[in-house]
Structure formats: structure tokens, C-alpha cells
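Read the numbers this way: they start at 1 and go in the same order the structure lists the ligands and their atoms.
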Amino acid sequence: MALIVQKYGGTSVGDTDRMKNVARRCIAAQKAGNDVVVVVSAMSGETNRLLKLVAQITDRPSEREQDVVVATGEQVSIGLVAMAIQAQGGLATSFLGHQVQIVTDSIFSKARIKRIDADKIVEALKQKHIVVVAGFQGQDEQGNVTTLGRGGSDTTAVALAAALKADACEIYTDVDGVYTTDPNVCPAARKLDRISYEEMLDLASVGAKVLQIRSVEFAMKYKVPLWVKSSFTDDPGTLVCEEDKSMENVVVSGIAYDKNEAKLAISGVPDVPGVAAKIFGALDAQNIVVDLIVQTASKDGKTDLSFTVGKTDLVKAKEVVERVTKDINAGGVETDGDVAKVSIVGVGMRNHSGVAAKMFQILASEGINIQLISTSEIKVSCLIQSKYTELAVRALHTAFGLDKAPAAS
Ligand code: ADP
Ligand code: ASP
Ligand code: MG
């Protein structure tokens, strides 16, 4: 008998008919001879609705209380899905994060899972129950409710699959697999049958929201066979797995974009040792993750420093940076939320030169200005004005030969 963890995202539990569909699929998986654990997200739009309520109260919410609010969306889903399974004649029990004992650190809104004590799940599975677990949430050592960051239900599912030594983890969503880029932005996107953990990790890290980055980290570390499938079709989907030789032949295997970053630019930064350490140390102390960084050449002992942070951290980051710029005697701080990061990813880049230059040429030929750049062994990212995102993604997709063959007429 196999143990399968299935995860259904917001669209897949978007209304009660869709929840009944999820219940049917879980029961079918159990009837096929499997133990089934199902992780569900909040109904689509619900987490955003809850965050809007928070924003109506304050733009500097207590992060602890914000997590108390946003974690509620998943509670509604697990109760309804468990009932839908029962209504179809199955046995089901729902669990919240703290009931399972998904223990996290205390970084509210982006907590990391430290350990899972799955005894209750194992017990319920022995009783032949389908176990329905709330995604996205946990509790810290002090018993506070925590959440795992947007898209965090993916991570709940993979972490549970690792803890339970599941035979497979299946992520059911509103597309039928991982594509060469977001199929909702680029109609020529091609579905991949397989993708390496490493490439998926990089695609997720640069914004391909089909899987949360931490879910891929867990899958890679614990070698969880991870499938991305549609909850609306029976397509086999995409398998995220170990890299093999054939994958290296493809130079660029995917393109991603991220509109959730914002840029901060500090002018007149004294060009002396220790200044960058002060600025980024202060941001780190507030758990603000910095992504792209660029420093201009020094002129009259001063430089300009630009970098990006997550949009949700912008208000906090600006406050921190304004404080530090006073200390170090820098000029002003400007922010720009109207930016997007477009990235190309591929393990084949290790063996090919000129890939970054080609990306810059393609963006230039579309008249798109590049504000910040970052490169790593298997990815290149460019920050551009947000309104050009779709144009950039499509142009890069075509130029790097990723477009699917046009349908025969
Ligand atoms: P869920 O609510 O099921 O977690 P998400 O909205 O978080 O679903 O993720 C699925 C979405 O990810 C798709 O609808 C698609 O727009 C987007 N996406 C971005 N990049 C990719 C990609 N490379 N392959 C497939 N989907 C992608
Ligand atoms: N409901 C959470 C979100 O919208 C978690 C998830 O769906 O994965 O981000
Ligand atoms: Mg998601």
C-alpha cells in the first residue's frame, strides 16, 4: 500500500462544487489502494481578501496578529473538504497546523517548518481516514500561529510527504503541469514532462509561482517525487526529479517573472568600507530579504546603491534604510514599486557562453531598459519596468527557442 500526499490550491477548492470534485479524487486515490493525506489552501481570493481587511485597519500590522487573521482561510477549506468526503461516503478527519503539530520558527508571515510530529495523521490513516490538513500554517515553539509565506501550502504538502516518507506528493493546481513559462502569459508555453529539482528551484526562486520555492527545497533535500497536475483533468502532469544528461542539452529551459519586488535606490552613499554591511545588516536584522543589488562606480567618494526587496517589505525596508542613511551620511532614498524581474533559467547555461548577452540584446530590441541585473550559474535576471513584463517574457520565450510548434491547421 502506498502513501500519497495530494495538495489542492485555491482555484481547486474555489467553490463547493470544486471541493466535491476534490473529495471524489481523494476517495478514488484511496480506493486505488493508497493511504491519502490531502493538504488544502484557502478558497481562491480568500487570502487576498483577509490581507485587504488587515490593510484597512493599518499599514503597519502586528505580524503576529496578521498571521492569526490570514491563517483562517485554510480552516474553512479543510472543514468543508472533510465534510464533502464524508458526504460521499468516505471517512475523513481535518487538522489545523497546530493540531498536526507543524512546528515552525517565529518569523511571522514567512515562517520555516522546523519539524512535524505526524502521530495524529498516522493514527487517523490507520483508521482508514482520509486526512485533510490545512496548508500554509503552523505554530511556533511558543504556540503562536504562524504562516509560511504566499504559496505556502505547497511547502506544507511536501514537508508532510517528507515527514511521512510518502511515496509521492501531487500538487494539483489550475494548470496541468510546469511549463516553459507561465502559460497564462505566454500562449506558446510548452508543458514539460520532467524538470530537475535544481531548475525548478531556480524557476520558483525567480517567481514561477506554480510551486513555492521552499516546497522544492524540501523535495530536493528529501528526494520526494513531486508531481504538478491539474485538478480538472487526468493529464499525467510534470515530474520534478533528479537531473539527467538529456536536460543539460537545453540551454534555457524556462522563463519566469516576478511582480512582487520593489526597488530602493540610495544616492550619495559614502564609498568607504563597512557601509554596505551596515545597510544590509540592518535589513537582515528585520528579516527583510534583499534580492538584486547594484552599486554604481564611485564619483567624488560617493556611489549610488540600488536593490530590491519583496513588495510587502517595502514600507519596513524604507524606514530601516532612511534610519541608516542618516547614520552614514548618505543622500536620499527613493522607492519604485512599478518594476518586475524577468529571468531565464537552465542547467545547460553552465556549458554555454553568451546567454546573458543574448538576453540583453533581446530586451534591447524590444526597447526595454534594464535597471538591475543578477546572474548565477544557471540563471540570469533583469529588473525592468513592470508594464513590459509580458512583452519581455514572450520575446525571450521565442528567441530562446522555447515556443511550442504551432497547431497544424
Ligand atoms: P494554486 O492556487 O493551485 O497554488 P498558483 O496560482 O499558486 O496555484 O500557481 C499556479 C499558477 O502558476 C498558474 O495558474 C500559472 O499562471 C502560474 N505559473 C507561473 N509560472 C508557471 C510555469 N512555469 N508553469 C506553470 N504555471 C506557472
Ligand atoms: N492561501 C495561501 C496563499 O494564498 C497559501 C496557498 O494558497 O498556498 O498564498
Ligand atoms: Mg500556489
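- Remark: ligand 1 atoms within the under-4.0 Å shell around heavy atoms of Y179 are 22 (C), 23 (N), 24 (N), 25 (C).
- One distance of note links CD1 of I107 with NZ of K110; it measures 8.0 Å at 0.5 Å rounding.
- Those atoms of ligand 2 with a heavy atom of S41 less than 4.0 angstrom away are 6 (C), 7 (O), 8 (O).
- Looking at N184 against ligand 1, only its side chain comes within 4.0 Å, counting heavy atoms.
- Two rings, from Y172 and F232, have their centers 6.0 Å or more apart.
- Side chains of T93 and H129: a donor-acceptor N/O pair is present below 3.5 angstrom, by distance only.
- At the top of the distance list for atom 27 (C) of ligand 1, counting protein heavy atoms only, stands V210 CB, 3.7 Å.
- For atom 6 (C) of ligand 2, the nearest non-hydrogen atom of the protein is S153 OG, 3.3 Å.
- With hydrogens and angles left out, the side-chain atoms of E63 and S109 include no donor and acceptor closer than 3.5 Å.
- Judged by distance alone, with hydrogens and angles left aside, the side-chain atoms of T296 form a donor-acceptor pair with the main-chain N or O of D304 at under 3.5 Å.
- In this comparison of T173, V393, T47, the heavy atom closest to atom 8 (O) of ligand 1 sits on T173.
- Atom OG of residue S106 and atom CD of residue Q142 lie 4.5 Å apart, to the nearest 0.5 angstrom.
- Using a 4.0 Å heavy-atom cutoff, G73 is absent from the residues neighbouring ligand 2.
- In the model, K20 has no side-chain atom that pairs as donor or acceptor with a side-chain atom of Q88 under 3.5 Å.
- Distances below 4.0 Å separate heavy atoms of T181 from the following atoms of ligand 1: 22 (C), 23 (N).
- Ligand 2 places these atoms under 4.0 Å from at least one heavy atom of E74: 1 (N), 2 (C), 5 (C).
- In summary, the atoms of ligand 1 found under 4.0 Å from a heavy atom of A208, numbered by their order in the structure, are 20 (N).
- Looking at atom 4 (O) of ligand 1, its nearest protein heavy atom turns out to be K7 NZ, 3.0 Å.
- A side-chain donor from one of S12 and S231 sits under 3.5 Å from a side-chain acceptor of the other.
- Of the candidates G177, G9, S253, G177 brings a heavy atom nearest to atom 25 (C) of ligand 1.
- Here the heavy atom of the protein found nearest to atom 3 (C) of ligand 2 is R150 NE, 3.4 Å.
- Remark: K358 qualifies as a cation-pi partner of F400 under the 6.0 Å distance and 45° angle criteria applied to the six-membered ring.
- A side-chain hydrogen bond (donor to acceptor under 3.5 Å, both in side chains) with T104 is found for exactly one of T147, D140, N144, T146, namely T146.
- Ligand 2 does not have Q212 within reach: every non-hydrogen atom of the residue lies 4.0 Å or more from it.
- At the shortest separation from atom 7 (O) of ligand 1 among protein heavy atoms lies K209 O, 3.5 Å.
- Contact annotation: P183 has at least one heavy atom less than 4.0 Å from an atom of ligand 1.
- Here the shortest heavy-atom distance to atom 20 (N) of ligand 1, taken over D154, D174, V185, D182, belongs to D182.
- Note: an N/O pair closer than 3.5 Å links G10 and ligand 1 by distance alone.
- A distance-only check finds no donor-acceptor pair linking the side chain of D291 to the backbone of T308 [under 3.5 Å].
- The salt bridge (charged side-chain N to carboxylate O under 4.0 Å, His left out) contacts involving residues 155-173 comprise nothing, where partners must be two or more places apart or lie in separate chains.
- Close contacts between ligand 1 and V178 involve ligand atoms 24 (N) [criterion: under 4.0 Å to a heavy atom].
- Residue contacts with ligand 2: G151 is included, with a non-hydrogen atom under 4.0 Å away.
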